[in-house]
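We use all heavy atoms of the structure for the numbers below, so side chains are in, but hydrogens, waters and symmetry mates are not.
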Amino acid sequence: MTAAGPFVARTGDLTRKLLDADIWSEQLLFEAGIPIADAPMVCVGGGLGTFALVDHLRICGVRPESLQVLTPLSAPWESFAYLTRVSQISRGDRLRSDSSSCPDNLWGFPSFAVREAFGADTVRGSLRPLWQVLTEPICGEHYTPRLGEVLDALAREARRIRYPEMVTQGQVRMVRRREAGGYFTVLTPPERATGARRIAFRSAHVHLAVGYAGLRFLPELAAYRASTRNSSRVVSAYEPHEHVYDQLRRRPGTVMVRGSGIVAARVVHRLIEERNAHGLQTRVVHLLSHDVPGPQGPRFMRRNGGDGFAYQAFDEPKAVWGGQLRDRAGATEGAGRVEFYDSLGGPSTPYRKDWHAQLATARAQGWYSTVAGEVEALDPQSDDLISARIQARDSVLMAQVSFVVDCTGLQPDIGEQRILADLLHHSNAGRNPLGGLDVDPSFEVRGTRSGKGRLYASGAATHGGYLAGEDTFLGLQIAAQEIADDLAAQGFCARLDVSRSVRQWVRWAANRPI
Amino acid sequence: MTYSLAGRIQTRIVLFGVIGGIWTALVTPILPTRLPLGSSYEMSFTVLGLIIVLGVAWELAYHLLQQFRWDKDWPTGFSLLAGVPEGLVLWLLLDSGTWLWEVPVTARGFWTLFISTWLLIWAVLSGPIRVLLVRRRWRGGRLFG
């Protein structure tokens, strides 16, 4: 099934009766004039979380006709590519991702280091990634793949599994349980589309991987933007902010960078590169929420740190994806879960020697400084300056800056995401101890089962669940595997056993379409 | 690889038992042992058996060391280098006659077998195992349970 246009008998929209009813029937939709399209499984989101599951299910023998991806995105890597671009990672830059985290290859073999070695033009180019992956992290930094390589690999796999054939574009408005079992997923097709205003997809199962609700602006930043009606001076690192760098080239200024994660590190890196490349006089005030003077934590959970930053190679300690820490998280409930996530620590950035050297030089020359504290207020001043009042540990500091670049993240509250908010109100879904969507170990959303139908979720929305590091290449693939196993147990697809795994891997290696 | 203790022990027993067993059976006739074939097999399967049995104790030690690592990861280089102390201890045990019973052993035969088996298992663990046992890496190396 592709676009549901041919099925359309009449146009229709959501009625009050539909909006109020927790459980829908075909009759309700018929009365509203909303056409119904069928698909055994509907995947909502269309980003990398959806791609991970679709890839897995296709490898487990599910035909493209049985999967319907509902998404506003034109490619599964669109949001990912956008977020990496605005947070200063270009195609040639390396991601913060393990060599065997391969979103295009559920086996993680061959890893990106091996692929880079085979693709290199010189012997040295071949040996370097292999040596790095062999000696990491003791003799050097972890090997990490280049963004461009990952995007190309994703595009290749999308073609191989015929991903575009499964996509219907549009905005999903809601998912509701169906009276006779399964679910209805309501899609609003793009404005340009002819035909129905809404389409209801009737399916046995649904998967949600809808990412973040949007950008998160901390209150004082939002207040500044609202009061000045000016969004060019106080920006989020996750929105286009190239004008900041452009203006600093024309006129010297001070930038306050806020946050202690990888994105803040990338923004500072870009500011330093700009300063060096164009001989600028940019000054940087780096505001960190916590001061990290050195390694922190108890003996058996001690994280490296220094100069204000917590250092770790990846988003989470590696064992959350498949080792002792995953086992530990899987055994927690309630307050124990909160305690577990607390033990993982706050934002971190990988220790990179060149970046560290840049910061040391910048500090020595006096144009880069770190402050541990919180912004209390931002006030507009004359000459396009902003006055920032910072509450440090035991004093109040004032800083005059030209720009504020906020790197504190994306909106994690599932209540702000329309589909998830609807699910919480109408489908009996709940929140986990950290406020994310409550899913069981097979990523089924607790409380939402409908007859034999199951509703699954993975990715950012499930933060705080039995799997930490849920919004990463590996986290999305682990969720996909658990969901595929659960669906296989119900007879929806074949289980990925040794024989299927080997045969499918050979097909993958030969780039043979499935 | 982010091992759990059970994953370590299961991996040690099954990989050395199955892949190591097949390799040992195939390679023994051409090992430079200068021993009759029967004695060569006695040596090689005793060595393999000891890699597995003593290996369980080694895995306990590795697991303890792993607890000092922040991310509870066991880098691939560690898995490779572990062959150095394990090989040396095993050689000293057999060569000095300290082991419980007399085993016909020659240095060239022992080291050829030990190094080739160790490298083979390490290579399989570094990638191909993920195709054969697709869930293993998400379960701390466990093959069962």
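- Under a cut-off of 6.0 angstrom, the local environment of CD in Glu339(A) is sparse, with at most 12 non-hydrogen atoms contributed by other residues, nucleotides or ligands.
- Summarising the geometry, atom OG belonging to Ser100(A) is positioned 9.5 Å from atom CE belonging to Met1(B); distances are rounded to the nearest 0.5 Å.
- Checked for salt-bridge contact, Lys318(A) and Asp71(B) miss the test: no charged N lies under 4.0 Å from a carboxylate O.
- Of the possible polar contacts, one joining the Arg326(A) side chain to the Trp138(B) backbone as a donor-acceptor pair under 3.5 Å is found.
- For chain B, the option among Gly323(A), Gly322(A), Ser501(A), Gly330(A) with the highest count of heavy-atom pairs below 4.5 Å is Gly322(A).
- The CD atom of Gln324(A) lies 5.0 Å from the CD atom of Gln66(B); values are rounded to the nearest 0.5 Å.
- Other residues, nucleotides and ligands contribute more than 12 heavy atoms inside 6.0 Å of the CZ atom of Arg352(A).
- One distance of note links CH2 of Trp107(A) with CG of Leu132(B); it measures 12.0 Å at 0.5 Å rounding.
- A donor-acceptor pair under 3.5 Å is absent between the side-chain atoms of Arg137(B) and the main chain of Trp321(A), judged by distance alone.
- For the options Asn304(A), Leu134(A), Asp98(A), heavy-atom pairs under 4.5 Å to chain B are most numerous at Leu134(A).
- When heavy atoms are compared at a cutoff of 4.5 Å, Ile129(B) does not approach chain A at all.
- Your options are Gly7(B), Pro128(B), Ser79(B), and the one with the most heavy-atom pairs under 4.5 Å with chain A is Pro128(B).
- In this structure, the portion of Glu482(A) lying under 4.5 Å from any heavy atom of chain B is its side chain and not its backbone.
- Salt-bridge formation is not detected for the pair Lys72(B)/Asp327(A): no Lys NZ or Arg NE/NH1/NH2 atom is positioned less than 4.0 Å from an Asp or Glu carboxylate oxygen.
- Phe68(B) touches chain A through backbone and side chain together, each having a heavy atom under 4.5 Å away.
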Any chance you could lay out the side chain to side chain contact (heavy atoms under 4.5 Å, CB included) test for Val134(B) and Trp505(A), step after step, and finish with the verdict?
CA-CA 11 Å; Val134(B) 82; Trp505(A) 182 83; over 6 Å; no
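- Counting heavy atoms of neighbouring residues, nucleotides and ligands inside a 6.0 Å radius, atom CH2 of Trp131(A) does not exceed 12 of them.
- For the atom pair CZ of Arg130(B) and CG of Leu106(A), the computed distance is 11.0 Å after rounding to the nearest 0.5 Å.
- Chain B forms the most heavy-atom pairs under 4.5 Å with one residue out of Gln312(A), His142(A), Gln477(A), and that residue is Gln312(A).
- Heavy atoms of Arg135(B) lying under 4.5 Å from chain A belong to its backbone as well as its side chain.
- For the residue pair Trp70(B) and Leu344(A), the shortest heavy atom distance occurs at CH2-O, 3.5 Å.
- The choice from Val114(A), Asp497(A), Val133(A), Leu474(A) that makes the most heavy-atom pairs within less than 4.5 Å of chain B is Leu474(A).
- Of the atoms belonging to Gln481(A), it is side-chain heavy atoms, and not backbone ones, that fall under 4.5 Å from chain B.
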